[in-house]
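Letters A, B, ... are given to chains in the order of the sequence lines, protein chains preceding strands, and every chain is numbered from 1.
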There are 2 protein chains.
Amino acid sequence: MTIGEVSEKYGITTDTLRYYERIGLIPPVPRKKNGIRDYDEESCGWVYLVKCMRSAGVQIEPLIEYVALVQANTGLERRKNILLEQREKLLAQAEHLRSTIDLLNYKIEHYKEMIPKKSRK
Amino acid sequence: MTIGEVSEKYGITTDTLRYYERIGLIPPVPRKKNGIRDYDEESCGWVYLVKCMRSAGVQIEPLIEYVALVQANTGLERRKNILLEQREKLLAQAEHLRSTIDLLNYKIEHYKEMIPKKSRK
DNA sequence: CCTTGACTTAAAGTTGACTTAAGCTGTTAA
DNA sequence: TTAACAGCTTAAGTCAACTTTAAGTCAAGG
């Protein structure tokens with residue numbers, strides 16, 4: 001799979017895909033003899049994981065550390081801790097999101113009551 | 001209430017509070033004769049709302065528009081729509097967060113299985 | 001042969017959201 | 001009364017995470 005196809009598939013620009021690889025957010029992608037990236041299942045899996053985590057708000061730094069450990073095949077305990085830490089953050093975020101949505105619901109109800117009385121046009 | 005007290009109360013620096021006011025994220029705060037800000041209930045309410053929305057990920061721009069409309073006492077319909085739009089975004093984000101947390105749970109389970117076999121130290 | 005799409009490094013530019021600096025003034029404690 | 005403090009303003013600076021530009025090379029397809 002070419003970088004262009006992967007870009008299409010996940011909605012990430014080719015520039016960003018190369019950037020991710022450069023900074024170690026995903027492990028080096030296998031190349032064809034001519035040096036062109038040839039994404040396999042595994043690389044796609046990494047891209048998917050990063051896309052998912054990043055869009056959920058996980059910072060780049062912990063992900064880079066995690067990827068480095070997986071590549072070095074070490075730090076099992078540390079890897080688990082990184083995942084646990086990030087999960088904690090996401091759980092807190094989800095909780096905060098819920099209460100903010102409640103606040104919005106409350107305000108929106110207020111407008112629903114106000115508006116029908118005015119608009120007629 | 002001085003800016004310092006408000007800063008303390010909501011965990012927002014005085015710099016940020018002034019910045020918020022300057023860009024219209026909260027309406028102008030009342031002043032004492034000497035020009036020093038004197039936050040009342042209403043201003044504190046705005047600070048709280050902004051803190052809540054911002055930390056949930058709501059963009060500054062729509063909030064500025066909303067605040068401007070409230071101040072001009074117009075655009076009831078538009079205000080409601082802004083709130084509806086932001087709620088939609090937060091709901092989508094909450095859903096995405098949930099699935100990402102699931103993915104993390106899955107990966108963490110994997111590490112829980114791997115680790116006990118090795119570590120004995 | 002030439003266009004297309006891939007590749008490289010390195011650096012500058014962008015965006016969103018603050019933060020800091022510089023240079024004031026006004027109130028309070030020693 | 002004088003020095004420390006908290007406040008004031010505007011403009012410039014910072015940071016993360018990209019994005020774009022420069023300035024090329026390389027190789028396959030029409």
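The distance between atom CD of A/Glu61 and atom P of D/dA17, rounded to the nearest whole Å, is 7 Å. Atom CE in B/Met1 sits about 16 Å away from atom C1' in D/dG7, given to the nearest Å. When the P atom of D/dG7 is taken as reference, atom CG of B/Asp15 falls 11 Å away, rounded to whole Å. Rounded to an integer number of Å, the gap from A/Glu21 CD to D/dC18 P is 15 Å. Here the P atom of nucleotide C/dT19 and the CD1 atom of B/Ile23 are 12 Å apart, to the nearest Å. Computed from coordinates, the A/Leu17 CG to D/dC18 P distance equals 11 Å when rounded to whole Å. Note: CD1 (B/Ile3) to P (C/dT19) measures 13 Å, nearest angstrom. The distance from atom CD1 of A/Ile26 to atom C1' of D/dA17 is 15 Å, rounded to the nearest whole Å.
The nearest pair of heavy atoms linking B/Leu63 to B/Leu25 is CB-CD1, 3.5 Å. Considering all non-hydrogen atoms of both residues, A/Gln86 and B/Leu104 come closest at C-CD1, 4.1 Å. Between B/Leu103 and A/Met53, the shortest heavy-atom contact is CD2-CE, 4.0 Å. The nearest pair of heavy atoms linking B/Lys51 to B/Ile12 is CB-CD1, 4.0 Å. The shortest non-hydrogen separation linking A/Cys52 to B/His96 is O-NE2, 3.3 Å.
Under the 30°/60° scheme for interplanar angles, the aromatic rings of B/Tyr48 and B/Tyr10 are found to be tilted.
The side chain to side chain donor-acceptor pair (under 3.5 Å) contacts involving residues 23-39 of chain B comprise B/Glu21-B/Arg37, where partners must be two or more places apart or lie in separate chains.
For the atom pair A/Glu85 CD and A/Leu90 CG, the distance stands at 12.0 Å (nearest 0.5 Å).
Distance from the side chain of B/Ile60 is smallest to C/dC18 among C/dT20, C/dG16, C/dC18. Each of C/dA17, D/dC18, D/dC8 was ranked by its minimum atom distance to the side chain of A/Arg54; first place goes to D/dC18. Side-chain proximity of A/Thr2 to C/dA6, D/dT20, D/dA17: nearest is C/dA6. Set against D/dC8, C/dT19, C/dC18, the side chain of B/Thr13 has C/dT19 as its closest nucleotide.
One finds a side-chain N or O of B/Gln59 lying less than 4.0 angstrom from the OP1 or OP2 phosphate oxygen of C/dA17. Taking only side-chain nitrogens and oxygens, A/Tyr19 never comes nearer than 4.0 Å to OP1 or OP2 of D/dT20. A sub-4.0 Å separation between OP1 or OP2 of D/dA17 and a side-chain N or O of A/Tyr20 is absent. Residue B/Arg18 places at least one side-chain N or O under 4.0 Å from the OP1 or OP2 atom of D/dC8.
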Q: Please step through side-chain contact (heavy atoms from CB on, under 4.5 Å) for the pair A/Ile108 and A/Tyr111, ending with a clear verdict.
A: CA-CA 5 Å; A/Ile108 288 167; A/Tyr111 281 104; 5.7 Å; no
Q: Could you check B/Lys9 against B/Val47 for side-chain contact (heavy atoms from CB on, under 4.5 Å), going step by step and ending with a plain yes or no?
A: CA-CA 10 Å; B/Lys9 180 169 180 183; B/Val47 170; over 6 Å; no
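Bending across the helix from C/dC1-D/dG30 to C/dA30-D/dT1, expressed as the angle between its end axes from five pairs apiece, amounts to 10° (10° rounding).
Nearest-nucleotide assignment on DNA chain D puts the 5′-proximal partner with B/Thr14, out of B/Thr14 and B/Arg22.
Of all the residues in residues 31-53 of chain B, B/Asn34 reach under 4.0 Å from DNA chain C with at least one non-hydrogen atom.
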